Amino acid sequence: MTKPQVAQGIKDKNAKRQNITPDRLKKTALKTSVLGLATAMGVMGLSQVACAELTWGSDSSYPQEGKYQPESYKPDSYQPQSYQPDSYQPQSAPSNSSYQADNGVGSFTAAAIAAERGDVNALYNYEQAMSGGLFAMYPTYWRMNVDLNSQSPAAVSQFVRQYPDTVMAEKLAADFAETKAGSNDYAAVRQVANLITNADDSERCAVALGFNNGGDSMRAMAAKPDVWLATKKQPALCDQLALEMNNNALISNQDRVSRLKRMLRKGKTGDIMALSSRLGTPIPYSSLSEIQLNPSSFFSRFAREANTQTNQYLYLYAMGRLAEKSYREAALQLEFDIKQDNQRSAKLLNDDTRRYAYRILGVQRMNHNTDDGFNVEAVDWFRNSLDDDFSFEEAEYYAMAAIRFSRWDDVVEAISKMDAETQKNNQWQYWLARAYEQSSDANKRNTAKKMYQNLAKSNEYYGLMAKDKVGQRFEASRLGGSNLPNVSTADRARVMQNPHFARAFALYNADASRAYANREWNWAVKKARDNRDDNLIIAAARQAYDMGWLDRAIYAVDNTDRVDSLALSHPMPHQSAVVRHSQSAGIDPAWAYGIMRQESRFVASARSNVGASGLMQVMPDTAKYIARNLGETYSASRANSGDTNIRYGTWYMGDIFGKLNSQPVLATAGYNAGPNNAKRWQPTYGSLAADQYVESIAFPETRNYVKHVMENATIYSSLLGRDQPISQRMGTVPAAF
C-alpha cells in the first residue's frame, strides 16, 4: 500500500529545486519571513527567480472572496500534543564534529545584512572569512547577484565547480540563465545550460530559448508540449519561447496552424501576425485592429467576402472577440452563419473553421461558470468541435463539463484528446473508470473494476475514492498509525554530517530567514531521494518533528516514494484543543485537522498575502465576525494565537457547515473561496454526486483544495479512531434552491 501523498496544490513548491513541479499549475509565490533580513531578499535577487521562492500551487488567479493559502510563516514553539517523542527528544539540531559551533550562522546573518546594503566590499571580506565553512557559498552568491547581468558564464561555472551539488550553485546558474534569456543573451544561456539540473517552467524556457537561438532545434523542442498551445498565463520566458519557436526548423506548418487557432481565440496580435506570415497567409494588423474595434461589422460583411484561408482565420478572430464580449451573442452569430452557409452552393465556412468556432464557445462558456452557472451547452459545443487537435486546456474543460452533467460518452471522448501520459494520471484514470462504470457494455464495466483496483493502491484523493468503489478501507495502522518511526543513532548522526540538512537546521535554530532554511531543507530531501537514502530522510524528518518543525517533516515524507509514516506526514499537534473546539462547534475533528494541514501545515505564525493568519488561516474580517458572534472583543493578536485561532477557525467551519446544507464538501469549498461561491457551484436542480461537484469547481485552486482536505480528513479520521470512508464523508451535493 502506498503512502498518502500531500496535496499537489499545497506542497511547498520550491519545485524548481525539488524536481516535483506539478504539470499545468500556476504558482503563487510565498513571501519570506525574515528576522534581521527584512529587505535583504530583494537586493539578493530572490525576487528575480521563482526557483528561489517557496510557493503554494494554484491553477489560476481570480477574485478572492474567501481566504487563501499562506504566503509566509514561521513556527511557534509548541510541543506536539500527540505522538509524543520517545527518549530521542532534541530541542535543537545537535552538533557534530563535521559542523559545530554556530555553523557560521552568525557570519551568514552579518553577510546578509551587507548584501542588503549592497556592500560588495564587505561581501568580499565575508567570502574570505567564511571560506571553507558551512555557509561559504552565500556571500559569493549575494555579491554576484548584486548585478547578475554583468556576470560572465565563466564566473557562474566557477561558482558551481567550487560549490558542487549545493542548492545555491543550482540557483545561481538558474538565476543567470533566466536573466540572460530576458536580455536575449542566448549564447550566455547555452554556456550554463548543462549546469541546471532541476529546472522549473521558467528556467526550462530560458534554456530552450538559448538552444532555439543557437542551432540546437531538438533540445529546444523539449519544451514544446508545455508552451506551444498554452493560452493560460505562463512565465514570460515561456511566452517568448513559443513566439520564437515559430522559426524552429522542427516546427511544422500543421504545428503553426494549431497554435494560430489558439492565438486567434486569445487575440494575441503579435503571434497571429508572425504565424500567419510563416504560413504564407499573412494577416495584416489593420484587419485585426478593425475587427477588434467592431467584430459585428466583420460578420455583417463576411457573406460578401471570398472563401480564402485568411478570411477563415479572420472569422475565428472575430468569433473570439465577440465571445469575449458575450458568448451568447457569439453562439447566436455562429448558428446564424452556419444556417445561412448551409443554403449556399459554395460554403464560406470550412469544416475546420466551424469546429474551432464551437471550440471557442466551449472554452469561453467554461470561463463563466461561476458568474452564469453551469450549462450543458458547453458539452454540446465541445462535441460539435471534435477533431484531432485539442490542447490540454481544451480537453480538460471538455472533460469537466461532461463530468458535471454525467455525459459519460463525452467524458471518454474528452480524455482521449489528452496526451498519453496525461491519460495515465490518477485523476483521468478515475474518471475514465467512472465513465466505463456507467456503460451498458459488460466488458467496459469489468475494465472499470480493474482500473479502480489499480487506483486503490494509492492513498491520495482518487485512490481513496477508488478504495470505496472496490470495498477496501483505508487503514492507518498499515502506514504506521500514530507510532513515530524508530531512528538509529547512526542515522541521527548522519543527518548532521549531511551539509544540506546541517545548513537547514542551523538556519532554523538561528531564526534566520525561513526561505533559506526551507530551501536548504528541500534540496537536502531531493538529494537524499535521488540517492534513495530513505533512512536519512526518515531521520531528518523525525529530527524536524521533535523540534516542532512540522511543515518540513511533512514535506520530507510527502516527497519520497517509499517512506511511509503517518505520524510524520499527518501529525496532530494541539490535539486536545482541536477535539474540544471541534466538538463545541459541532464538526468532525478529522475535518478540522484536514483544513488545518492544508491551510498552514501547522505553522501557527502563518500569514497570507490577503491577511489570513494562524493555524486555521482566519481572515481579519472573518475573525471580527466570529468574535462578534461569540460576544467577544476582537483582538488581532489573540485571534492569531494558537488556541484562539483554532477556536475561531472551528467555529467558522461550523457556521459555514450549517449555512451550506451541513454538506462538508460545500463547506470546505466555502472555507477556501467563500460561501457565496460554493453556493454558485451547486446544481440548480436535483442533486449531484460530490465527486462530480468537486471536479467541476470553477476555481482550480479551490478544486484542488477541496480534494486534498477531503483526503486529509479521511486519513485523520482513521488516526483518530473514527474511520469514515471518503465517499461517505463527501456525500451528495443538493440543489441550491
Side-chain angles (χ1 to χ4, degrees), residues 31 62-74 76 78 81 370 573-682 697 699 701-702 705-706 709 712-713 734 736-737:
K31 294 178 182 175
Y62 45 83
Q64 300 184 347
E65 177 187 345
K67 49 111 222 73
Y68 293 86
Q69 305 303 333
E71 284 206 0
S72 72
Y73 51 82
K74 187 174 147 207
D76 62 1
Y78 72 81
Q81 297 181 32
T370 295
H574 313 288
Q575 185 173 348
S576 62
V578 171
V579 172
R580 182 173 71 257
H581 294 315
S582 295
Q583 290 175 341
S584 177
I587 65 169
D588 181 1
W591 181 36
Y593 266 124
I595 291 280
M596 193 185 299
R597 185 181 190 272
Q598 198 68 11
E599 289 287 349
S600 68
R601 282 294 190 268
F602 307 111
V603 180
S605 58
R607 299 290 183 276
S608 80
N609 63 328
V610 293
S613 61
L615 292 164
M616 302 292 287
Q617 287 293 279
V618 180
M619 291 284 288
D621 286 346
T622 303
K624 292 174 184 176
Y625 165 79
I626 296 167
R628 187 165 58 249
N629 278 272
L630 292 175
E632 300 176 3
T633 301
Y634 170 74
S635 164
S637 60
R638 192 159 55 87
N640 296 339
S641 70
D643 187 80
T644 302
N645 193 263
I646 293 170
R647 181 163 59 89
Y648 278 19
T650 51
W651 185 92
Y652 187 58
M653 289 174 68
D655 184 58
I656 294 178
F657 186 69
K659 291 176 178 177
L660 291 174
N661 306 95
S662 298
Q663 217 296 332
V665 166
L666 288 177
T668 301
Y671 197 90
N672 179 259
N676 288 336
N677 281 325
K679 288 179 182 177
R680 291 188 186 105
W681 299 326
Q682 285 180 253
I697 287 175
F699 296 169
E701 177 187 342
T702 303
Y705 177 91
V706 174
V709 169
N712 292 343
F737 305 103

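Every value quoted in this text rests on a predicted model; they were computed, and no experiment measured them.
Judged by distance alone, with hydrogens and angles left aside, the side-chain atoms of Asp588 form a donor-acceptor pair with the main-chain N or O of Ala590 at under 3.5 Å. Between the side chain of Gln682 and the backbone N or O of Pro734 there is at least one donor-acceptor pair closer than 3.5 Å. Judged purely by atom type and a 3.5 angstrom limit, Gln583 has no side-chain atom pairing as donor or acceptor with the backbone of Arg580. Listed for the Asn645 side chain is a donor-acceptor partner under 3.5 Å among the backbone atoms of Leu615. Side chain of Ser582 to backbone of Val578: a donor-acceptor contact under 3.5 angstrom is found.
Counting only N and O atoms by type, the side chains of Tyr593 and Gln598 include no donor and acceptor under 3.5 Å apart.
Here the shortest heavy-atom pairing between Gly614 and Arg607 reads N-NH1, 3.7 Å. Smallest separation of non-hydrogen atoms from Pro675 and Tyr652: CD-OH, 4.0 Å. Listed here is the closest heavy atom pair of Lys659 and Lys679: O-CE, 4.2 Å. Taking both residues in full, the closest heavy atoms of Thr650 and Met616 are given as N-CE, 4.0 Å, listed atom of the first, atom of the second, then distance. The minimum heavy-atom distance linking Ser600 with Ala606 is given by the pair CB-CB, 4.0 Å.
Note: Phe699 and Trp681 have perpendicular aromatic rings, judged against thresholds of 30 and 60 degrees for the angle between ring planes.
Tyr671 OH to Thr702 OG1: the interatomic distance, rounded to the nearest 0.5 Å, is 13.5 Å. Separation of atoms CG (Asn629) and CD1 (Ile626) is listed at 8.5 Å; rounding is to 0.5 Å.
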Ser584 and Trp651: side chain to side chain donor-acceptor pair (under 3.5 Å), yes or no, with the steps?
CA-CA 8 Å; Ser584 177; Trp651 185 92; over 6 Å; no

Going through the distances and angles, do Glu632 and Lys624 end up as a salt bridge (charged side-chain N to carboxylate O under 4.0 Å, His left out)?
CA-CA 9 Å; Glu632 300 176 3; Lys624 292 174 184 176; over 6 Å; no

